[in-house]
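Since the model is a prediction, treat every value here as computed from it, not as a measurement.
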Amino acid sequence: MDKPVCLIDTASDGKLCVQGSALQVLEQIQQPVVVVAVVGLYRTGKSYLMNRLAGKQTGFALGSTIESKTKGIWMWCVPHPTKAETTLVLLDTEGLGDVDKGDSKHDTNIFCLAVLLSSTLVYNSRGTIDNRAVEELQYVTELTECIKVKSSDEDVDDSNEFVKFFPSFIWAVRDFTLERKIDGKDATENDYLEFALKLKHGTSKKVMEYNLPRECIQKFFPSRMCFTFPFPTAPENVSRLERLDPADLSTEFLEVTGRFCKFVFDKSHVKKLKDGYTVTGRVLGHLAKTYVDTISSGAVPCLENAVIAMAMIENQAAVKEGLEVYQSGMEKLKNSFPLELKVVSSEHQRLSSMATQTFMTRSFRDTDGKHLKSLEVKRFNELFDGYLCQNEQASKKRCEDLLSSLSATMTEKLKQGIFAKSGGYDLFCKDLEDIVKKYNIQTNKEVKAEVVLEGFLKQKSVDSKAILQADKKLTEKEKKIKEETEKAILLEQEIKAKEEAQRQLLEKMEAERQSNEERMRQMKEKMDEEMRLQREEAERAMDSKLREQAALLEKGFQEKADRMSQEMEVFKRQNTEAESNRAREFAELLENSNKRHEESMAMMMQQHREQMKALQQQMSARCSGGCCIL
């Protein structure tokens, strides 16, 4: 994108809405995204920071009046400067606290959307991080009422799980003029932030009001950082910052801006959903639409519901992508039909594996295996059977055309009555034998060679009988022997055709067995990866809680630390249950997939038994009938 576009705007009815043009941009981004959102009071220079992250001097609108310039949420997608195959999505939000809006709920919604959509949240303020600055970040205290983690009709506080999904937090303090000293000692920017977030002891209403926003920031954003920006230039020039040449900016300001950008580029993680699913631009667009529609309906955005909705959309798309991989490959192969069955089966196995891998890469939370079943059973099997049928039709046509060409001379002789004379039957048999020999040589690997030859010989047996009866050179006894011999030959060919069909069935069963083994391997690999991500997500959240507890103990908040111990025990139990449930779901998925495979193999085995029975009956008939003549 060469410039930003509006992602979320306010409709004429006052409700938030997602812009279709922005969704189209995101739909084209198949790469993972790092999403950096900036929030803060209006007219604090948020847009300037976003432009610098985009590597541009201008882009997001910067204003020089007391009016908020950015409305809604604007988006700028650029290649990530340090992470290969990754897109950096910058979200510049409408300034909070604009008196012209007269709707504090609107500000809360904008803040919530920034939290929900980003992997790094930048809070931009001016001056110092004093009590007023913390109180202006009141939206943090409202998150428990505005965001739910789990889908439940019960009014349950599940904010303890926010730490799993919330973005990392950067407080950018602009126009900072104080010395960074704590108790007379030099302090880092992070020390300054933690000092400002320090809790007070006591239980009075005033102390509780003081502590509430600080507790929320510490609890919800355990990964936090601070950057203090000095005045970029003379105070009178700050209002026209975007029009100043970089050479006119102070060295110290440029140094902090450079450090800020480098930190964001290096430390901001790819956006992930629950259970560690990587978000692409396409998924980010779906998330934005889901969250905005939920807020506009008056409901509370739910992370679990959003994941379920995303899973449905992505899994359906994953099935479609998998099928496209399989079909496009088989369509190319079809251009070479007819082919040996083992060639078609081998390509089917290769493309099935690729298609399953394509599905696995995009799909997530297909816990009941419904979409995988749609891909592997209904579609793969139906399509494969269709391609096998088309290959057989192509083989049949080639064999029929070949026999038509090879028997053209015989057909002409029949028309001319050359075989209708004494000794004509032996001449006819000699020509027919030559045709069959040439045919067998040229159709050695054709899947329908035996069946087509069977039909051809049955067709020629009509001419053969007529020629045999008209041949005056042969006695009645000789005619009877030759007639029985011909019947035996026809039966022999019929048996050969059935034996070939049996061989092809066994080959198809072996191909299916190998495909199932590969599919099970891919499923196991996918499940192991999802379990690993779920475990890592829980471990990161637990580490954050342990750090928070240690900080409380260090600062003398024993009672709060004890309460946190109880929370962590509940958290551990919930994580253990979640991991156990996920393992059970995976086991059921594997079992169901194996069951479908066994059912498919059972049907093939039944077909195999029926073919064997028919074959044995024909063999018995041959032995009881014409084997003595042969």
Side-chain angles (χ1 to χ4, degrees), residues 322-323 325-357 375-400 402-403 439-456 491-522 593-619:
L323 286 174
V325 167
Y326 178 80
Q327 282 186 283
S328 62
M330 290 300 285
E331 285 297 315
K332 289 179 183 177
L333 186 70
K334 191 172 78 171
N335 295 330
S336 302
F337 282 176
L339 295 166
E340 286 183 78
L341 177 60
K342 67 179 180 181
V343 174
V344 180
S345 295
S346 176
E347 189 64 2
H348 161 71
Q349 285 177 253
R350 188 183 72 84
L351 292 169
S352 293
S353 178
M354 286 176 61
T356 302
Q357 189 59 51
L375 180 71
E376 70 180 30
V377 177
K378 294 183 179 178
R379 306 296 173 86
F380 274 178
N381 291 357
E382 288 174 7
L383 287 172
F384 183 42
D385 287 343
Y387 285 117
L388 286 178
C389 184
Q390 291 177 61
N391 188 54
E392 289 174 359
Q393 290 299 320
S395 178
K396 182 181 177 185
K397 185 177 185 308
R398 176 181 285 182
C399 291
E400 288 174 344
L402 178 60
L403 281 174
Y439 173 81
N440 284 335
I441 291 170
Q442 295 182 51
T443 61
N444 182 38
K445 297 179 179 180
E446 290 290 345
V447 292
K448 300 301 285 184
E450 300 298 344
V451 171
V452 171
L453 181 58
E454 178 191 353
F456 176 77
L491 181 60
E492 178 79 12
Q493 183 56 42
E494 188 177 346
I495 290 171
K496 283 174 72 176
K498 282 188 167 56
E499 284 176 340
E500 177 60 21
Q502 183 71 3
R503 186 193 67 77
Q504 290 178 11
L505 177 61
L506 291 172
E507 196 171 305
K508 185 180 177 183
M509 288 172 68
E510 176 59 20
E512 173 56 26
R513 185 191 66 77
Q514 292 179 12
S515 289
N516 185 65
E517 283 184 359
E518 174 61 18
R519 190 162 53 243
M520 297 298 284
R521 185 195 66 77
Q522 290 175 319
S593 183
N594 254 330
K595 187 177 179 181
R596 290 194 298 270
H597 169 68
E598 288 169 1
E599 289 171 352
S600 175
M601 294 296 282
M603 289 175 63
M604 289 187 187
M605 283 301 296
Q606 179 61 29
Q607 188 181 349
H608 170 69
R609 284 191 291 269
E610 290 172 359
Q611 286 184 358
M612 284 296 293
K613 185 178 179 181
L615 199 57
Q616 288 167 356
Q617 289 174 346
Q618 286 188 312
M619 292 290 286

Checklist outcome for this item: Residues Thr356 and Leu375: closest non-hydrogen pair is CA-CD2, 4.2 Å

Item to check | Closest contact, heavy atoms only, Ala355 versus Gly322 | outcome: CB-O, 3.1 Å

Measure the [atom1]-[atom2] distance between [X] and [Y] for me, rounded to the nearest 0.5 Å.
X      : Y      : atom1 : atom2 : answer
Lys498 : Gln493 : NZ    : CD    : 11.0 Å
Leu341 : Ser395 : CG    : OG    : 10.5 Å
Gln357 : Ser352 : CD    : OG    : 13.0 Å
Cys389 : Phe384 : SG    : CZ    : 12.0 Å

Next on the checklist: Using only atom types and a distance under 3.5 Å, with no angle test, would you say the side chain of Asn391 pairs donor to acceptor with the backbone of Leu339?
Outcome noted: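 Pair found, side chain donor or acceptor close to backbone of Leu339.
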
Any residue meeting side-chain contact (heavy atoms from CB on, under 4.5 Å) with [X], in chain and number order, not counting sequence neighbours:
X      : result
Met354 : Val325, Arg350, Leu351
Lys334 : Glu331, Phe337, Tyr387, Gln390
Glu500 : Glu450, Arg503, Gln504
Val452 : Lys396, Cys399, Glu400, Leu403, Tyr439, Lys448

Checklist entry - What residues form a salt bridge (charged side-chain N to carboxylate O under 4.0 Å, His left out) with Lys332, not counting sequence neighbours? => result none

Item to check | Pair Asp385-Lys508, side-chain contact (heavy atoms from CB on, under 4.5 Å): steps then yes or no | outcome: CA-CA 10 Å; Asp385 287 343; Lys508 185 180 177 183; 2.8 Å; yes

Item to check | Glu518, Gln514, Arg521, His348 screened by side chain to side chain donor-acceptor pair (under 3.5 Å) with Ser353, the one that passes | outcome: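 Looking at Glu518, Gln514, Arg521, His348, the match for Ser353 under the side chain to side chain donor-acceptor pair (under 3.5 Å) is Glu518.
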
Checklist entry - Hey, does Leu383 have a side-chain heavy atom less than 4.5 Å from the side chain of Met330? => result no

Checklist entry - Do the non-hydrogen side-chain atoms of Val447 and Glu340 ever get within less than 4.5 Å of each other? => result no

Item to check | Note: Glu507-Lys342 ion pair, threshold 4.0 Å (strictly below) | outcome: no

Checklist entry - With Glu517, which residues qualify under side-chain hydrogen bond (donor to acceptor under 3.5 Å, both in side chains), at least two apart? => result Arg513

